[in-house]
Each structure stands twice: as structure tokens, then as C-alpha cells.
Amino acid sequence: MPAIFDDGMVLQRDTPIAVFGTISATATNNESRIMIRLIDGRGRQAAEATATADQTTGQWLAYLPALPASGPYELHVEAGNDRLRFTDVYVGVVWLAGGQSNMEVELRNSDNAEQALAQCADPLLRFYNVPKTGVVDEMAENASAWQNSSPQASGVMSAVAYYFARRLRAKLGAGIAVGMVDCYIGGTSITCWMSRATLEGCAAGRGYLDRYDQAVAGKTMDELHTAADAWQHAFDAWNASIAAARQADPGITWDTLNEQYGACPWPPPVTPFSQWHTCGAFEAMIMRVTPYTLEGVLWYQGEEDEPYCESYRELLGLMIAEWRTLWHRADLPFLLVQLPQWIDRKVDESTGDPMLWPTIRAAQWDAAHGIDGVHAVCLMDCGEYDNIHPTDKRTPGERLADCALRYVYGHAEMPVEGPELLDAQVIDGTHMRLRFAHAHGLRFDGTDPSSRHNADLRSRENTSTTVRNAGKSGFEIADADGRFRGVAAEIIGTDTGQNHADPTIGTVMLTVPEKIQPVTVRYAWRSWGPAPLFNADALPAVPFTHHLA
């Protein structure tokens, strides 16, 4: 059976539970019949299922009947005289945490790691790390295991996944186990997590495949291994130097580190055996755990696809559809992390903002609004200037959990939505009125993520929570020439409908410069920049570009 079936595993509640594996090609007819039984602590059978293996492939799949959250159990699987026995099995909720490096950042490397690890012991919060690889690695799979959250084990867990799971444990009920399947690789494109067949079916996917095929064309395996080994040596040496410098001086800046040790040697050479090759993680990771029954998927990815951001929306939709097919569930929930704020200092100070991350963010938000069962959390108040790996992972983890509690578990009271544009209208030659939904307690707070973490600067900026000057409001307008100009903004209160005010709709008035006839208005449409608009739940406004009618 796949390595994800192991002692201590969590199975998904309230839905048929997929149990699957393979038998030897030499198995007899008797050995081709598989019996699966779930045994409770008193030795009683709680559930059973049977399967017959495919005579050609040896593969088999069975479904145990749906069970409520419960445990511990033993899972017994028998075929002929062969038996597998798994202990300490719980039925609870299971989520897959996928993506690239910001999902991969481990709890031990996140903010307040020492305190979090000291308090993380929880036998019903469990995680399984899928081995990170671009080719199937059975040795690594055999060494993998489900682990209970503990100070000794959880340091290597995804920090985002940990904070997500911790919040679910607190809200769903003390007896409900939460299992996280950690399945990510830093630096991966979304196309690493898709099949070649799916990529060949669209122009954007074929572009990724062509670039990969061209990169390895004409090179021998010896040449590819030599290049990969040389890069790995340089990469390991750079990481060791950075780690030593940060241990010696925890407050050292990335500017100083880059001056002393140079930029991170990235990207790695393209090879068919690396973690980062197109379709690699799909074949060596996703296909090794599907269709292990899930409650849903967390997805934090997009940074690596910045150069081809215009195709990200199409690829994201195709990936979600493909995964839903693999898991035999057309409505499998996907909770997306909209990219936070970030820009590389050298780029910012030389060529300026390439404005590619806003396009990725828009694609993520559009997927959440355009695909049933897909939701996104906004992180425009998060991120670090010149550090693509912000260490605050509690905020995205808990916002994802609140999103799950609201949309998957029916906690209607859970606040998850920040202010979102309803409409925009030029009301005279000098003002534009914007109306926002989810805008109860609408206010300005700070300017960008850096200012919100500087108490003195934040206090000065918040002298007024209803007015922001041009350049600090986050709002920009353009006329027919297409050139955007920062404008001042003032919050003027809630919307007045028919004889009453709707407290969930807020209004912002923009000052239009003289001789400008607005065609487009946008907010927080930068990789890094002002994004000060929040509601009373401290949730940030969603970035947008809006073309006036």
C-alpha cells in the first residue's frame, strides 16, 4: 500500500474512505481478493470493505463506509496469506497543504517558533510529509511516517499547515483529529504539479513543456548530473553561510547577507531528475497519495510563475480540475492563498516594479470567484520588503482555517471577507465615489506591511483613520493616456439605502486631479506598496483594477 497508509494516520470522516494499493503480478485469484477491516479498541469490527485487484495492473481500490470522527482503530488489510496491520488510526478531517516555498517554510523557521513548538503537543493534530522529489523515491517513502504534533516532531511541519490545523482543532471539537498531508516543494511552478497530458492540452502548458524539453535537449545524463551536482554544491554552501551568519547575528539584514555572500544561486539547472522539472512533483508526489480521502486542499503557490503570469489563471483552473478528477470529487474544496506583498530591492531600485505579482493575485482571486468550491484569503497586509519568504505564517494559516470554518464547516459567524469593490462612479468633475462590500467599520491603518510593524510610524500614519493623501492611499486613477496617478482618499461612512444605512457597505471618496477624466481606477495594484484599507475585523481590502463604464 502507498506509504501514506501507516500507523497513526488520520482518515476522513463523514464520507466513504478510499483504501488502495497493488498486489504482485503473480498473485493467485484468491490473493487478488482484498479484505479491509477497521477494528475498534474493543476488538469489534467498525467497518469493512472488499476489493478485487485488476488482473493486468495489480491495482485495487475499495471504500470503507462513511464514519463519524472517532478512534483509535486498527486498520487490517488482507489478501490471501498476506496481512497488513496499522495501529492508532483515527477518523477525523484530512487536508492537503500544497504549493511552493511559502507553504514549505517550516514551523521552526517561522515567527515565534520557540514558543509555538513549546506549546504544540497535541496527539490529535497529526501530519504526514510527502517526500519532496521529482522522481519516485521508494526509499524516502519507506522512511516517511505520520507524526503527532510535538516539540520534537513539529519543527519540520509546514508552519502554515500547523497554524491551520491548530485552529481547526480548537474550533471543531476536542475529540476530532486533524491530519495534514504536507505536499510541497519550494521553487516549483504550478506546472510541476500537473500532468503532461493536461499541459499538452493548452497553449500555456505547451509553452512550459517546450521550454523544459529545449533545456534538456542534446545533453547526456552525465552532463546533466555534473551540472546538477555543481549547482547543489554552490547552493548548499550559500545556505550554510547564510545560516551561520544568521545564527551569529539574528538581526542581520538581507542586504548585508547579499553583500557578503551574493545572491542565492537560483534557479537550478533543468534536469529530468530534479525536484523542479515540469510534471515531476505531480508524478512523484501527487500520484503517490491520490486518491487518499481528503476534506480539501490548501494551495499557496504562484511566485515561481511570475514570468508567465498571464497564463496563471488558466493553469490554476486546469490544475484544480485535474486534482478533483484524481480524487474522484468534483467539489473538492480548494482554499487559495493570494500572494502577499513583496518586491526585490534591486529590481525596485533599478527597473522598478514589473507589476507581475498583481496579475498573479488577480488570477487567484478570479479563480476563487469563478470556480465553485474555491475560496481565497487576502494577505495584502502581509509580506516583507526584499524577502520573498515572510516569516509570519500564523496569519495565512489562521485565515485559511477561518475560511475553512466558514465555507466548509458552516460557521457562518466566522469573519473571512475584507472590503471588496462593488462599484465606482465619477460624481462630479473632482470626485469619484467607490462603494465596498464587507466594509463594516471601514478604516485606514498604516500604509504598507512594513509601516504596520513599526509602532511609531504606524501611530503617526493613523493620526487619521479616515483620510490618506495621494501616494499613501493605495488608490490610483488613469485617464485615456493610461498613466496612473496616486490620488487622495477619504472614507465618508456607510451606504445609505432606502431610508436606512447598510453597515456592511462603505464608501470611499477619491479626489480627481484637475483636467483628468478617469477611465480606470485601481487599488493596491503593486507588488509592494500602500494598502491601508481595512474593515472592523482587521481584514484587508482586496486589490483591484476597475474600468469605468
Side-chain angles (χ1 to χ4, degrees), residues 1-12 17-25 27 34 36 51 53-54 57-62 74-79 82-90 94-101 103-104 106 126-150 152-158 161 165 179-188 192-196 228 232 271-294 297-298 322-323 326-327:
M1 293 176 69
I4 194 171
F5 288 95
D6 197 11
D7 296 339
M9 68 183 127
V10 182
L11 304 174
Q12 177 60 38
I17 302 166
V19 185
F20 51 96
T22 58
I23 63 168
S24 167
I34 297 94
I36 303 100
D54 184 277
T57 65
Q59 295 178 337
W60 58 269
L61 168 65
E74 288 188 0
L75 180 67
H76 295 184
V77 183
E78 302 176 3
D82 287 343
R83 290 175 173 82
L84 294 174
R85 174 173 169 264
F86 304 103
T87 63
D88 190 31
V89 176
Y90 274 80
V94 185
W95 287 81
L96 185 144
Q100 58 176 110
S101 53
M103 184 63 89
E104 182 181 35
E106 297 172 339
R126 303 182 174 191
F127 67 100
Y128 174 78
N129 281 337
V130 180
K132 290 178 282 201
T133 179
V135 293
V136 174
D137 186 341
E138 292 187 358
M139 184 177 297
E141 289 179 347
N142 291 337
S144 66
W146 280 88
Q147 300 183 74
N148 295 353
S149 182
S150 70
Q152 297 75 33
S154 294
V156 298
M157 183 181 183
S158 159
M180 300 303 303
V181 180
D182 286 9
C183 189
Y184 39 70
I185 299 179
T188 46
C192 297
W193 302 95
M194 302 167 67
S195 70
R196 177 172 277 268
Q232 191 68 55
T271 73
F273 47 79
S274 79
Q275 296 180 345
W276 303 280
H277 76 82
T278 305
C279 307
F282 175 85
E283 296 164 357
M285 296 176 69
I286 294 300
M287 293 300 292
R288 304 296 283 183
V289 299
T290 182
Y292 192 89
T293 308
L294 305 174
V297 174
L298 312 180
E322 180 163 47
W323 285 25
L326 290 173
W327 264 279

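For this chain, numbers begin at 1 and follow the sequence in order. Below, each value reflects all heavy atoms present in this structure, side chains not excepted, and no hydrogens, waters or symmetry copies.
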* Heavy-atom donor-acceptor pair, Trp95 side chain to Ala161 backbone, under 3.5 Å -> no
* **Euclidean distance, Leu75 CG relative to Asp88 CG, rounded to 0.5 Å** => 12.5 Å
* Asked: Taking only residues two or more places apart in sequence or in another chain, which ones pass ring pair (Phe, Tyr, Trp, His ring centres under 6.0 Å) with Phe282?
  -> none
* Is Lys132 paired with Asp182 through a side-chain N to carboxylate O contact shorter than 4.0 Å? -> no
* Asked: Going by an N to O cut-off under 4.0 Å, is there a salt bridge joining Arg288 and Glu283?
  -> no
* Structure fact -> Nearest heavy-atom approach of Met180 to Ala97 is CE-CB, 4.2 Å
* Could you tell me which non-hydrogen atom of Met157 sits nearest to which non-hydrogen atom of Tyr184, and how far apart they are? => C-OH, 4.3 Å
* Asked: Of all heavy-atom pairs between Leu326 and Ile286, which one has the smallest distance, and what is that distance?
  -> CD1-CG2, 4.1 Å
* To do: Answer yes or no: is there a side-chain heavy-atom contact under 4.5 Å between Met9 and Ile4?
  => no
* Asked: Taking C-beta and beyond as the side chain, do Met103 and Leu298 meet within less than 4.5 Å on heavy atoms?
  -> yes
* Distance-only side-chain donor-acceptor flag, Glu106 / Ser158, under 3.5 Å -> no
* **Trp60: partners by ring pair (Phe, Tyr, Trp, His ring centres under 6.0 Å), with sequence neighbours left out** => none
* Asked: Rounded to the nearest 0.5 Å, what separation is found between the CG atom of Leu96 and the CH2 atom of Trp323?
  -> 5.5 Å
* To do: Would you please test Arg85 and Val77 for side chain to side chain contact (heavy atoms under 4.5 Å, CB included) and show each step?
  => CA-CA 7 Å; Arg85 174 173 169 264; Val77 183; over 6 Å; no
* **Flag side-chain contact, heavy atom, 4.5 Å: Val10 against Trp146** => yes
* Asked: Under 30°, 30 to 60°, or over 60°: which ring-plane class applies to Phe5 and Phe20, parallel, tilted or perpendicular?
  -> perpendicular
* Ile185 versus Glu104, closest heavy-atom pair with distance -> C-OE1, 4.0 Å
* Enter the distance from Asp6:CG to Leu84:CG here, rounded to the nearest 0.5 Å. => 10.5 Å
* To do: State whether the side chain of Ser150 and the backbone N or O of Ala153 hold a donor-acceptor pair below 3.5 Å, judged by distance alone.
  => yes
* Whether His277 side chain and Cys192 backbone form a donor-acceptor pair below 3.5 Å -> no
* side chain to side chain contact (heavy atoms under 4.5 Å, CB included) between Gln12 and Tyr292: does it pass, once the steps are laid out? -> CA-CA 9 Å; Gln12 177 60 38; Tyr292 192 89; over 6 Å; no
* Asked: Is Leu294 close to Trp327 at the side-chain level, that is, under 4.5 Å between some pair of heavy atoms?
  -> yes
* To do: Give the intermediate values and the outcome of side-chain hydrogen bond (donor to acceptor under 3.5 Å, both in side chains) for residues Ser144 and Tyr128.
  => CA-CA 8 Å; Ser144 66; Tyr128 174 78; 2.8 Å; yes
* Side chains of Val94 and Thr293 in contact at under 4.5 Å (non-hydrogen atoms) -> no
* Asked: Passes side-chain hydrogen bond (donor to acceptor under 3.5 Å, both in side chains), Glu78 versus His76? Steps please.
  -> CA-CA 7 Å; Glu78 302 176 3; His76 295 184; 4.9 Å; no
* To do: Taking all heavy atoms of Thr22 and all of Gln59, pick out the closest pair and write down the distance.
  => CG2-CG, 3.8 Å
* Arg126 to Asn148 - nearest heavy-atom pair and separation -> NE-OD1, 3.0 Å
* Going from CE on Met139 to OG1 on Thr133, what distance comes out if it is rounded to the nearest 0.5 angstrom? -> 12.0 Å
* Side-chain heavy atoms of Thr188 within contact of Trp193, under 4.5 Å -> yes
